[in-house]
Amino acid sequence: MLWSRAADPMNPQDLAQELERLHPASFSWALSCCRRDREEAAEVLQACYLKLLEGRARFDERSSFKTFLFGVIRRTAAEMRRRRSLQERWVERWGRSAREDGSLGAEPGEPADRLRRLDAALAHLPRRQREVIELRLQHEMTIEAVAGALGISIGSARVHFARAKERLRRLIGAQEEA
């Protein structure tokens, strides 16, 4: 049975059945969109299914459901690539600026030591700052999503994020001096 928005736009059972029917083709398309990376394709597909089930992506019957679904997969893969790229650039820029001012003190060939110092510094952050920075960087959430997840204002989430970054720089620098 094809899922029809006209029959019941929010019927999750019909949506789930249609997603299950299209899953093999959807996974194949996700693989293509993710340059054959199976793990990334699975993440993209999971994110797409979640968008559909939560109603953040809505089928408006301007095309077939399969065409609509493949468009959601393509856009989600692009969003995830962009988010990862931005995160990698931020981490690289943060690490470079920290090295320039001497706060990291690690050479590029010492990533394990740098991660150990970062983990130790994270443990010394106040709870709220640690939550914000983990949600923002580790779980790739936007500041708006972090604020919603923690039940705080967007401005407060921004302040906690900025303070956490600055405190991490100081903590890691102090570890190096010791």
Side-chain angles (χ1 to χ4, degrees), residues 1-94 118-119 122 125-165 167-168:
M1 169 180 158
L2 287 176
W3 182 66
S4 170
R5 183 172 166 78
D8 188 355
M10 300 306 286
N11 186 339
Q13 286 180 321
D14 289 344
L15 175 61
Q17 285 176 346
E18 189 64 9
L19 291 175
E20 187 175 339
R21 184 182 75 79
L22 291 171
H23 181 74
S26 298
F27 186 71
S28 177
W29 175 241
L31 274 172
S32 294
C33 293
C34 296
R35 299 178 182 113
R36 309 316 261 175
D37 182 335
R38 294 181 72 79
E39 188 174 312
E40 185 178 345
E43 285 182 40
V44 164
L45 213 49
Q46 182 177 6
C48 288
Y49 291 169
L50 193 58
K51 282 181 183 180
L52 290 165
L53 292 171
E54 290 178 343
R56 290 183 288 137
R58 294 197 178 129
F59 179 55
D60 61 6
E61 295 186 351
R62 287 190 287 174
S63 62
S64 72
F65 183 76
K66 183 177 181 179
T67 302
F68 161 75
L69 177 60
F70 279 26
V72 173
I73 292 168
R74 183 184 55 80
R75 284 189 302 278
T76 302
E79 289 168 7
M80 289 179 82
R81 268 194 314 275
R82 181 178 181 274
R83 194 175 315 124
R84 280 196 181 110
S85 173
L86 289 172
Q87 181 184 20
E88 288 169 2
R89 280 189 272 160
W90 181 86
V91 169
E92 180 182 319
R93 187 173 52 241
W94 181 74
L118 181 60
D119 283 342
L122 281 170
L125 288 179
R127 179 183 54 86
R128 183 67 70 180
Q129 288 180 8
R130 187 175 57 252
E131 290 171 344
V132 168
I133 207 147
E134 285 177 354
L135 288 173
R136 178 71 180 98
L137 298 178
Q138 190 174 21
H139 298 284
E140 302 176 348
M141 295 174 76
T142 64
I143 289 292
E144 292 79 12
V146 168
L150 296 177
I152 59 178
S153 71
I154 294 171
S156 181
R158 283 190 179 113
V159 168
H160 285 299
F161 185 59
R163 288 180 181 169
K165 289 186 301 184
R167 184 143 185 192
L168 280 174

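Note that the structure is predicted; figures quoted are calculated from it, not measured. Only heavy atoms go into these numbers, but all of them, side chains included; no hydrogens, no water, no symmetry mates.
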Is there a donor-acceptor pair closer than 3.5 Å between any side-chain N or O of Ser28 and the backbone N or O of Pro24?
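The answer is no, because no donor-acceptor pair under 3.5 Å joins these two groups.
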
Given 3.5 Å as the limit, does a donor-acceptor pair link the side chain of Ser85 with the main chain of Arg81, or not?
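No: the side chain of Ser85 does not pair with the backbone of Arg81.
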
Atom pair [atom1]/[atom2] of [X] and [Y] - distance to nearest 0.5 Å:
X      : Y      : atom1 : atom2 : answer
Glu18  : Ser26  : CD    : OG    : 9.0 Å
Arg74  : Ser32  : CZ    : OG    : 13.0 Å
His160 : Ile133 : NE2   : CD1   : 12.5 Å
Arg136 : Thr142 : CZ    : OG1   : 7.0 Å
Leu122 : Arg130 : CG    : CZ    : 8.0 Å
His23  : Leu45  : NE2   : CG    : 5.5 Å

For a side chain to side chain contact (heavy atoms under 4.5 Å, CB included) check, start with the C-alpha distance between Arg56 and Leu50, then their side-chain angles and the critical distance, and finish with the verdict.
CA-CA 8 Å; Arg56 290 183 288 137; Leu50 193 58; 4.1 Å; yes

Minimal non-hydrogen separation, [X] against [Y], with atom names:
X      : Y      : value
Ala41  : Phe27  : CB-CE1, 4.0 Å
Ala147 : Ala157 : CB-CB, 3.9 Å
Thr76  : Val44  : CG2-O, 3.9 Å
Phe70  : Trp29  : O-NE1, 3.0 Å
Cys33  : Ile73  : SG-CG2, 4.4 Å

Determine whether more than 12 heavy atoms belonging to other residues, nucleotides or ligands lie under 6.0 Å from atom NZ of Lys51.
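Yes, because the 6.0 Å sphere around NZ of Lys51 holds more than 12 heavy atoms from other groups.
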
Heavy-atom count check: over 12 atoms from other residues, nucleotides or ligands less than 6.0 Å from Glu144 CD?
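Result for CD/Glu144: enclosed.
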
State, yes or no, whether a side-chain contact exists between [X] and [Y] at a heavy-atom distance under 4.5 Å.
X      : Y      : result
Phe161 : Gln129 : no
Asp37  : Leu31  : no
Phe68  : Arg62  : no

Determine, step by step, whether Leu69 and Leu52 satisfy the side chain to side chain contact (heavy atoms under 4.5 Å, CB included) criterion, reporting the C-alpha distance in whole Å, the side-chain angles of both residues, the deciding distance to 0.1 Å, and the verdict.
CA-CA 9 Å; Leu69 177 60; Leu52 290 165; 3.5 Å; yes

Which of parallel (below 30°), tilted (30 to 60°) and perpendicular (above 60°) describes Phe59 and Phe65?
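Rings of Phe59 and Phe65: perpendicular, as their planes differ by over 60°.
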
Hey, are Glu79 and Arg84 close enough for a salt bridge, meaning a charged N less than 4.0 Å from a carboxylate O?
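Arg84 and Glu79: not salt-bridged.
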
Do NZ/NE/NH1/NH2 and the carboxylate oxygens of Arg128 and Glu131 come within less than 4.0 Å?
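The answer is yes: the pair qualifies as a salt bridge.
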
